[in-house]
Amino acid sequence: MLKNYLLIAWRIALQRKLFTVINLLCISLTLLVLLVLTALLENTFAPTGVEGKSPRMLQIVTMVSLNEEKGNFRHGPLGYKVITDYIKPLPSAELVAAVSMPESASVYQQGRITDLLLRRADAAYWQILDFEVLDGRVPTAEDVAAGRFVLVLNQSTATQLFGKQSAVGQQLNVGGQQFTVIGVVADVLQLNSFADMWAPVSTYPSSDYQHQLWGNFSALILARSAADFPALRQELATAVAGFKFDDPLKWQEAKIWADSKLEFFARMLLQNQTEPESGAASLLLLISLLMLLFMLLPALNLVNLNTGRMMERSTEIGVRKAFGASRQQLIGQFLVENLLLCCVGGLLGLAMAAGTLELIEQSGVIPYLQVEINLTVFALGMVISMVFGLLSGIIPAWRIAKLDPVHALKGARR
Amino acid sequence: MIKLSAISKNYQTDKVQTRALDNINLQVQAGEFVSIMGPSGCGKSTLLNIIGLLDRPASGQIEINGQLLGKYSDSQVAKLRNQTFGFIFQSFHLINELRVIDNVELPLLYRKMPAAERRAKAKAALEKVGLTARMEHFPNQLSGGQQQRVAIARAMVGEPQILLADEPTGNLDSQMGAEVMSQLLALNQAGTTIVMVTHNEQEAKHSNRIVRVFDGQLVQ
Ligand SMILES: Nc1ncnc2c1ncn2[C@@H]1O[C@H](COP(=O)(O)OP(=O)(O)O)[C@@H](O)[C@H]1O
Ligand SMILES: [Mg+2]
C-alpha cells in the first residue's frame with residue numbers, strides 16, 4: 001500500500017506542478033532562512049572551535065565608571081590594571097586572560113604599507129582560546145614575560161603578505177616595531193579571537209598600559225564549569241565594590257559585568273550597562289519570536305494553499321470512497337503525500353542552506369566567517385513544516401473523508 | 001439481492017426542508033436490469049446513492065445479500081462498496097491527475113492484490129471497452145464517450161455483483177450513448193445486476209423492469 005501511496009503522490013505532484021513548486025519553495029525557503037540565521041547566531045553565541053570553551057567562559061569587554069552626584073559617566077574597554085588587580089585574583093577563576101581590542105596597525109613590507117588588525121595578548125589568552133595552529137607556534141609565557149617581539153598571523157594575512165612562502169621566521173615591521181613571525185593560525189571570526197595578527201602584550205612601546213584603569217583591553221575568564229559562574233560573579237561584585245579610582249573625587253563607582261556571549265550581545269543591544277541583568281532572556285525571546293513570526297507567514301500560506309487544494313480534491317476523495325477506500329486509507333494517502341512533500345522541501349532547504357553558507361563564507365562578505373548548519377534547527381524546522389503540512393493537508397482531508405461519498409463528490413463546502 | 005424497506009431521506013437547506021425520498025420499498029433480484037425513471041429532482045439519484053451506500057437514509061432499512069445493514073463501521077462499508085458495487089456517474093468522475101489505466105485500477109488498490117495482477121485486470125477491463133490504446137492518456141485527453149467507457153471499465157474491473165449507473169448516457173450524444181448502452185447490456189447478459197437511472201424511454205426499454213419515481217415516492 002505504501003508503494004502505491006508513494007506512486008500516487010508522485011503522479012499527483014507531477015500533474016500539479018505549480019502547486020508542488022510553490023509548496024516546495026515555501027518549505028525550503030523558510031528552512032533556508034531559518035538555518036542560515038541560526039548558523040550565524042550559533043556561531044556568535046555558542047561557537048565551536050577557537051572559542052569552544054565558551055560554555056565555561058565569561059568575558060568582560062567594557063566597564064562603566066560613574067559619579068551619579070556629579071553626573072559623570074564613562075563607558076569603555078578595560079585598562080590592563082583592572083584585569084591584574086581585580087579580575088585575575090578572583091578565586092573561582094581557573095584562568096584569566098587580558099587581550100586588547102583589535103587595533104589598526106600599519107605593516108611595512110618591501111615598500112608596501114598594509115593596514116591590519118593587531119591584538120596584543122598575555123599568555124593565558126593562548127591557553128583559553130584553542131587556535132588552530134597551521135604552522136609554527138603561538139607565544140609562550142616566556143615570550144610574554146620577556147617582551148619578545150614575536151608575531152602570530154592568521155592564514156589570510158600570511159598569504160596576503162608572503163604568498164606561497166612560509167611566513168614563519170619572516171621579519172615584519174608593524175607600526176615601526178620589528179617582529180619575527182613565529183606562527184600561523186586558521187582564520188576565525190569570533191568575539192575574542194577576531195584579528196589579523198597577534199603580539200605579546202609586553203610589546204607595547206610603553207609600559208604605561210600596566211597602570212591604566214581605562215584602556216583598550218577585554219578580560220576572558222575561564223571557570224572550571226558554568227556552575228561556578230554565580231560564585232565568580234559574586235566575587236567580582238565584591239572586588240569591584242572596593243574599586244579604587246585614581247581620582248576618587250571625580251569617580252565613585254565602577255560597574256563591571258562578567259557576561260557570557262549571549263549576555264554580552266544582549267547587554268550591548270539593550271543598553272543595560274549599569275544593571276547586573278544583561279537582558280539575555282529578552283533577547284532570546286525576541287529572536288525566537290521573530291523567527292516564529294518569520295515561519296508563520298509561509299506556514300499560513302501553506303495552510304491556505306493546502307486547504308484550498310484539498311477542497312479541489314474533494315471529488316477525488318469522493319470517488320475513492322465510492323470505490324472502496326476507507327477513511328484510514330485516505331488519511332494514509334494524504335499523510336504520505338504531505339510527508340513526501342515536506343521531506344523533499346526539507347532536503348532542498350538543507351541543501352540550499354549549506355550552499356548559501358558556503359557562498360557567504362567564500363564571498364568574504366563577513367571576513368573569516370566559518371559556520372555550520374545546526375541539525376537540531378533543521379530537525380525543528382522539518383517538524384514545524386510537517387506539523388503545518390499535516391494541519392493543512394490532513395485536517396481538511398479528514399473532514400472530507402468523513403463525509404458520505406455523495407457529499408464529497410459534490411464538492412465539500414461544509 | 002437488494003431490499004429497501006421504508007426508506008426516507010430529507011435534505012435541510014437553510015430553512016427549507018426537502019423530502020427527497022418518502023417511504024420507499026424496493027427489491028432488486030440478482031441478474032436483473034432495473035431502470036429508474038422520473039422527472040428531474042424527484043429523487044432518483046438519491047435513491048441510487050442510498051442503494052450503493054454512497055449516502056445514508058434518514059430512516060428505513062437496507063438489506064444486501066440478506067445482510068441487514070445496521071451500524072456498520074467505516075471500513076466495513078468501504079469493503080462492501082469495494083466488493084459489491086460498481087458505480088457509473090453522469091459526469092464520469094474520473095481523477096484527472098491519474099492516467100486512464102490508474103483510474104481503472106483504482107478499485108483494486110483497496111484490495112489485497114499484487115500490483116501485476118491489478119495491472120493485468122485493469123488492462124483486461126480496458127480491452128473490453130475498447131480503449132487499450134488510450135491507457136497512458138489522461139482523462140481530459142479523451143472524448144466524453146471514451147471517458148464514460150473508462151468509467152465503465154473502472155466500475156467493472158473489480159467484478160462487482162451490482163452495477164449502479166446514474167444517467168450514464170446523460171452527457172453523451174446519441175451515438176456514444178448507444179455504445180455505452182450496448183456495453184451495459186453485455187455486462188447484464190454476463191450476469192451483472194444493473195440498476196440504472198435514465199431519462200431515455202428507449203434505453204429503459206432494454207431493461208427487465210422500470211421503476212418510476214415521482215416526488216420521492218414510487219409509482220406503479
Ligand atoms: N445535497 C443536497 N442538499 C439539498 N438538497 C438536495 C441535495 N441533493 C438533492 N437534493 C434535493 O433532493 C431532491 C432529489 O434530488 P435528486 O435525487 O438529485 O433528484 P434526481 O436525481 O431525480 O434529479 C431534489 O429536490 C434536490 O433539490
Ligand atoms: Mg439525478
Side-chain angles (χ1 to χ4, degrees), chain A residues 1-20 23 309-334 336-337 340-341 393 397-414, chain B residues 9 11 13 20 45-46 48-50 52-57 72-99 101-115 118 138-140 151 154-155 157-158 160 164 166:
Chain A
M1 207 69 204
L2 183 69
K3 208 178 120 201
N4 254 313
Y5 288 158
L6 285 174
L7 206 72
I8 293 168
W10 174 245
R11 297 243 166 87
I12 301 254
L14 278 187
Q15 275 300 103
R16 292 276 165 177
K17 289 195 188 68
L18 187 66
F19 173 81
T20 308
N23 227 325
R309 176 84 183 97
M310 248 27 256
M311 291 299 164
E312 260 180 63
R313 288 178 72 179
S314 116
T315 313
E316 178 192 337
I317 297 177
V319 169
R320 288 184 186 277
K321 279 201 84 161
F323 285 100
S326 67
R327 215 175 317 164
Q328 263 179 333
Q329 287 168 322
L330 283 169
I331 297 305
Q333 178 195 335
F334 290 110
V336 168
E337 273 182 35
L340 196 72
L341 211 61
W398 171 258
R399 280 190 3 226
I400 299 171
K402 248 175 35 182
L403 296 175
D404 283 318
V406 247
H407 301 293
L409 279 171
K410 278 181 183 159
R413 296 264 138 54
R414 264 162 287 189
Chain B
K9 174 82 183 175
Y11 283 113
T13 34
S45 295
T46 308
L48 199 72
N49 291 335
I50 284 176
L53 312 182
L54 300 187
D55 204 355
R56 262 171 301 188
Y72 268 44
S73 74
D74 174 72
S75 63
Q76 283 170 313
V77 174
K79 196 169 171 192
L80 261 177
R81 287 182 194 130
N82 184 252
Q83 315 227 313
T84 312
F85 296 104
F87 294 94
I88 301 170
F89 304 97
Q90 180 177 356
S91 48
F92 322 139
H93 284 323
L94 298 174
I95 299 176
N96 284 324
E97 283 89 353
L98 298 183
R99 291 173 308 164
I101 182 81
D102 299 314
N103 265 288
V104 174
E105 222 181 287
L106 185 104
L108 305 181
L109 284 183
Y110 302 108
R111 296 185 185 178
K112 280 201 167 57
M113 190 182 281
R118 278 202 311 261
F138 285 95
N140 50 21
R154 176 179 63 182
V157 72
L164 303 177
D166 194 349

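Here is how names work: the chains are called A, B, and so on, in the same order as the sequence lines, proteins then strands, and each is numbered from 1.
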**Student:** Is atom CZ of B:Arg56 surrounded by more than 12 heavy atoms (other residues, nucleotides or ligands) closer than 6.0 Å?
**Tutor:** no

**Student:** I need the residue from B:Leu108, B:Asp102, B:Leu98 with the largest number of non-hydrogen atom pairs under 4.5 Å to chain A.
**Tutor:** B:Asp102

**Student:** Provide the closest heavy-atom pair for B:Arg81 versus A:Ala322 in the form atom of the first, atom of the second, distance.
**Tutor:** CB-O, 3.7 Å

**Student:** Let me know if B:Phe85 has heavy atoms under 4.5 Å from chain A in its side chain, its backbone, both or neither.
**Tutor:** neither

**Student:** How long is the span from the CD1 atom in A:Ile317 to the CD1 atom in B:Ile95, to the nearest 0.5 Å?
**Tutor:** 10.0 Å

**Student:** Check B:Val77, B:Asn82, B:Asp74, B:Leu53 against A:Lys321 for a side chain to side chain contact (heavy atoms under 4.5 Å, CB included) and give me the one that passes.
**Tutor:** B:Asp74

**Student:** Check whether any side-chain heavy atom of A:Gln329 lies under 4.5 Å from a side-chain heavy atom of B:Leu109, and answer yes or no.
**Tutor:**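 Result no, sub-4.5 Å side-chain heavy-atom pair not found.
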
**Student:** Looking only at heavy atoms, which two atoms of A:Val319 and B:His93 are closest? And how far apart?
**Tutor:** CG2-O, 3.3 Å

**Student:** Which one of B:Leu106, B:Asn49, B:Leu94 has the most heavy-atom pairs closer than 4.5 Å to chain A?
**Tutor:** B:Leu106

**Student:** With a 6.0 Å cut-off (strictly less than), is the heavy-atom count around CD of B:Gln76, excluding the residue itself, greater than 12?
**Tutor:** yes

**Student:** Supply the atom-to-atom distance A:Leu409 CG to B:Leu54 CG, rounded to the nearest 0.5 angstrom.
**Tutor:** 7.0 Å

**Student:** For A:Arg313, is it the side chain, the backbone, both or neither that has a heavy atom under 4.5 Å from a heavy atom of chain B?
**Tutor:** neither

**Student:** Over all heavy atoms of both residues, which pair between A:Ser326 and B:Ser75 is shortest? Give the atoms and the distance, please.
**Tutor:**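 Residues A:Ser326 and B:Ser75, closest heavy atoms: CB-CA, 4.2 Å.
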
**Student:** Under a 4.5 Å heavy-atom cut-off, does chain A meet the side chain of B:Asp55, its backbone, both or neither?
**Tutor:**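 Both the backbone and the side chain of B:Asp55 come within 4.5 Å of chain A.
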
**Student:** Work out which heavy atom in B:Ala155 is nearest to a heavy atom in A:Phe323; give both atom names and the distance.
**Tutor:** CA-CE2, 4.0 Å

**Student:** To the nearest 0.5 angstrom, please state how far the CG atom of B:Asn96 sits from the CD atom of A:Glu316.
**Tutor:** 10.0 Å

**Student:** Can you tell me how far the OH atom of B:Tyr110 sits from the CG atom of A:Leu330, to the nearest 0.5 Å?
**Tutor:**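 Taking OH in B:Tyr110 and CG in A:Leu330, the distance rounds to 5.5 Å.
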
**Student:** Check each atom of B:Arg99 against the heavy atoms of chain A and say whether the ones under 4.5 Å are side chain, backbone, both or neither.
**Tutor:** side chain

